[in-house]
Amino acid sequence: MGAFCDELARCGLRHACTSPGSRNTPIVLSLARTPDIRCWSHVDERCAGFFAVGAAKASGRPVAITCTSGTAAANLMPAVIEASWARVPLIVLTADRPPELRDVGAGQTIDQLKLYGSAAKWFFEVGAHEATPERLRWIRSLACRAYWTALDAPGGPVHLNFPFREPLVLDEPLPEDHTGRPNGQPYVLVEPSTTPAAARGPGLHPSGRLLVVAGAGTPDPHGLAEYTARTGIPLLADPLSAARRGPAAVAHYDLLLRAPAFMSARRPDFVFRLGELPTSKPLRIWLAALADVPQITLDPNHTWQDPDGVVGMRLRGALPQPDQISVEPGWLEAWTGPDREAARSIDGLLGEDLSEPLVARVLGKWLPPEATLFVASSMPIRDVETFLAARDEGPLVLANRGANGIDGTVSSAFGAAAAGGRPVVLLAGDVALAHDIGGLLAARRLGLSLTIVLLNNDGGGIFHFLPVAGEGDAFEEHVATPHGLEFERVASLYGCAYELAEQLDELKGALGRSLPGPATTIIEVRTDRVENLALHRRVADAVMGAMEAAGRVR
Ligand SMILES: Cc1ncc(C[n+]2csc(CCOP(=O)(O)OP(=O)(O)O)c2C)c(N)n1
Ligand SMILES: [Mg+2]
């Protein structure tokens, strides 16, 4: 195991998550004893998996996880699925019983072969081996293969299953291993992928009303913002794309595209789609209805993001060069003008009373560029998309949107704090926090600092936006699921600081205290689910009203 872990470190692995057990002792000891690998210990494997997801997202490098045999390995499943769909490089190292102890009633033994099914990008049953020079060379190449396979685009989780025979701790050290390459080089180097010839732009000459839609995973977001500004193409960018910046950014498309007449008056001639589809439902519906408009994706990760079957061309390298493009005069202003009006309506309507949309909006405005805003699924991710204004140097925005789960959110945010080297603010709902409440252990056990802005509406506020909200007999108990948790007591149980923010300036003050500090703080903002629905409707109506009043609809 020592050679395997040494090789992971030589490839560039810097973080690993461990969880306790007997069978994985050789892996835990080797990871912990590899100088360049920082090991983060977790009690709960589900938390460990999501912590690794957050750490890999924030650092852009593979992160290793190890656990013991049995249901421990099964607890990594949700994180492996998230990593698979979000293309996050993970190296999962499960310990197992050797073949002679499988399926014969030995304890803590389940079938771990291909346990994660199609969610694992690569599975390998490692077997048990003597530490001969031949086998050490093979195990070094195996470690390199695991690392580079996880990282190669599209990234994803790889799973190696290690059967171990007892003794699990050696009486005597193994003979010295000289099989590593000199100067700390990896045993197998992989040539970096080169940009394809198409990088100079395809042979397209689009003209008229061009539009760019950018989601998570957009390549070169800064470059995209400059490109759209230079060419005058409206840029509809999800904050997860990191491209909601520059003079062509249209931040409030989610509200603007709810006005039917606005939508139909802005029919584009070409749509360029980069990265994943944004979450916004109005945007998705609108793009789906544009089946006869050429929609072109730039998709270096080959993700085929096209649930409505409207994409007609996939580019691999780059968008057309600026001199290949001509944009209809006034087209950019036809988007950015209404966007400025939408911003005025939002600000006028939200005022200074703390509400879920206002919290999302002010976090986008206040957080320093060196911060990371980790956003939970449910309304937080939607509010961030709808209400974050464009900003040239805003915080990095991350979220677990591979499978859109509310699970593992706290752990992933801690992982981002551990490996990203930036202060992290987690914006989460109360159910998401309750779901991963055990993730808070990282504050005490790992000494990590995280600022959690908790939007507590005592249940799933998102469900009030859906028809199920009308099903009075079952809605509250089975769908909204209020829990009545007192988060001040949660904070004290897990050794976190706690502040209740009832006013906007209290939120600002609490953020100012927590962000630079070493502690993890829960800043609770209490809201009401029914009022939240009404406020969202008022904002949408106000934006629509502003469009009408300004005669912008037609
Ligand atoms: C693992 C998982 N279970 C269930 C869901 C379905 N789900 C989506 S949103 C939500 C409620 C989230 O509530 P909260 O975190 O309080 O956010 P709010 O809706 O109040 O904004 C649930 C249960 C999910 N996305 N993931
Ligand atoms: Mg809630």
Side-chain angles (χ1 to χ4, degrees), residues 44-47 49-51 53-54 74-86 119 239-240 254 276 279-281 354-361 363 373-388 399-413 425-440 450 452-469 471 474-487 490 500-501 522-537 539:
D44 178 332
E45 291 79 11
R46 193 171 68 160
C47 296
F50 276 108
F51 186 99
V53 166
N75 271 286
L76 295 178
M77 184 63 136
V80 170
I81 290 176
E82 171 61 23
S84 168
W85 290 99
L240 291 171
D254 177 76
E276 284 161 35
T279 305
S280 163
K281 207 166 172 187
L354 269 189
S355 63
E356 297 183 25
L358 186 62
V359 171
R361 194 157 176 85
L363 286 179
L373 176 60
F374 202 101
V375 190
S377 287
S378 201
M379 287 313 288
I381 192 71
R382 289 176 170 78
D383 284 345
V384 161
E385 183 176 13
T386 305
F387 294 104
L388 235 68
N400 283 345
R401 294 303 284 170
N404 304 355
I406 55 160
D407 45 349
T409 314
V410 174
S411 299
S412 287
V425 175
L426 166 64
L427 179 65
D430 48 291
V431 179
L433 182 49
H435 204 294
D436 192 26
I437 208 143
L440 290 172
L450 176 68
I452 302 175
V453 177
L454 164 66
L455 297 169
N456 184 7
N457 53 22
D458 198 18
I462 194 168
F463 297 119
H464 287 259
F465 291 76
L466 303 179
V468 69
E471 306 297 316
F475 177 72
E476 271 294 294
E477 183 182 352
H478 295 286
V479 184
T481 59
H483 43 73
L485 278 175
E486 289 176 41
F487 286 96
V490 169
L500 177 67
I522 298 178
I523 304 172
E524 178 173 0
V525 176
R526 292 192 187 140
T527 61
D528 179 275
R529 287 182 263 128
V530 175
E531 279 172 22
N532 184 48
L533 171 68
L535 177 62
H536 277 80
R537 295 226 162 115
V539 173

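Atoms within a ligand are numbered from 1 in the order they appear, just like the ligands themselves. In what follows, every heavy atom counts, from backbone to side chain, and hydrogens, waters and symmetry copies are set aside.
The shortest N or O to N or O distance between S378 and ligand 1 is under 3.5 Å. Not one N or O of E356 is nearer than 3.5 Å to an N or O of ligand 1, by distance alone. Any N or O atom pair closer than 3.5 Å counts here, and N457 shares at least one such pair with ligand 1.
Taking CG of L354 as the start and CZ of R526 as the end, the distance is 12.5 Å to the nearest 0.5 Å. Remark: L358 CG to T527 OG1 distance equals 12.0 Å, nearest 0.5 Å. One finds the CG atom of N404 at 10.5 Å from the OG atom of S378 (value rounded to the nearest 0.5 Å). Distance CD/E82 to CG/N400: 4.0 Å, rounded to 0.5 Å. Taken to the nearest 0.5 Å, the CD atom of E356 stands 9.0 Å off from the CG atom of L427. With rounding to the nearest 0.5 angstrom, the CD1 atom of I462 is 11.0 Å from the NE2 atom of H464.
At a cut-off of 2.8 Å, D458 is not counted among the residues with an N, O or S atom near the Mg ion (ligand 2).
Of the N and O atoms on the side chains of T409 and D436, not one donor lies less than 3.5 Å from an acceptor on the other residue.
Residue T481 does not touch ligand 1, judged by heavy-atom distances below 4.0 Å.
Atom OD1 is the N/O/S atom of D430 found closest to the Mg ion (ligand 2).
Proximity to F463 (heavy-atom distance under 4.0 Å) selects the following atoms of ligand 1: 7 (N), 10 (C), 11 (C), 22 (C), 23 (C). Taking every non-hydrogen atom of G405 and a distance limit under 4.0 Å, the qualifying atoms of ligand 1 come out as 25 (N), 26 (N). Under a 4.0 Å criterion applied to the non-hydrogen atoms of M379, ligand 1 contributes the atoms 21 (O). Each of the following atoms of ligand 1 lies closer than 4.0 Å to a heavy atom of G460: 11 (C), 13 (O), 19 (O), 20 (O). Taking every heavy atom of G461 and a limit of under 4.0 angstrom, the matching atoms of ligand 1 come to 18 (P), 19 (O), 20 (O). Near N404, with a cut-off below 4.0 Å to any heavy atom, the atoms of ligand 1 are 25 (N).
Distance alone, capped at 3.5 Å, places no donor-acceptor pair between the T279 side chain and the R382 backbone. Judged by distance alone, with hydrogens and angles left aside, the side-chain atoms of R529 form a donor-acceptor pair with the main-chain N or O of D458 at under 3.5 Å.
Of the candidates V431, I406, L433, L427, I406 brings a heavy atom nearest to atom 5 (C) of ligand 1.
W85 and G402 get closest at one heavy-atom pair: CB-O, 3.3 Å. The two atoms that bring P357 and F387 nearest to each other are CB-CE1, 3.4 Å, heavy atoms only.
Look at G459 and you'll find a heavy atom under 4.0 Å from some atom of ligand 1. In this structure, P380 is part of the shell of residues with a heavy atom less than 4.0 angstrom from ligand 1.
Regarding atom 15 (O) of ligand 1, its nearest protein heavy-atom neighbour is A432 N, 2.9 Å.
If you put the vertex on the Mg ion (ligand 2), OD1 of N457 and O of G459 sit 80° apart, to the nearest 10°.
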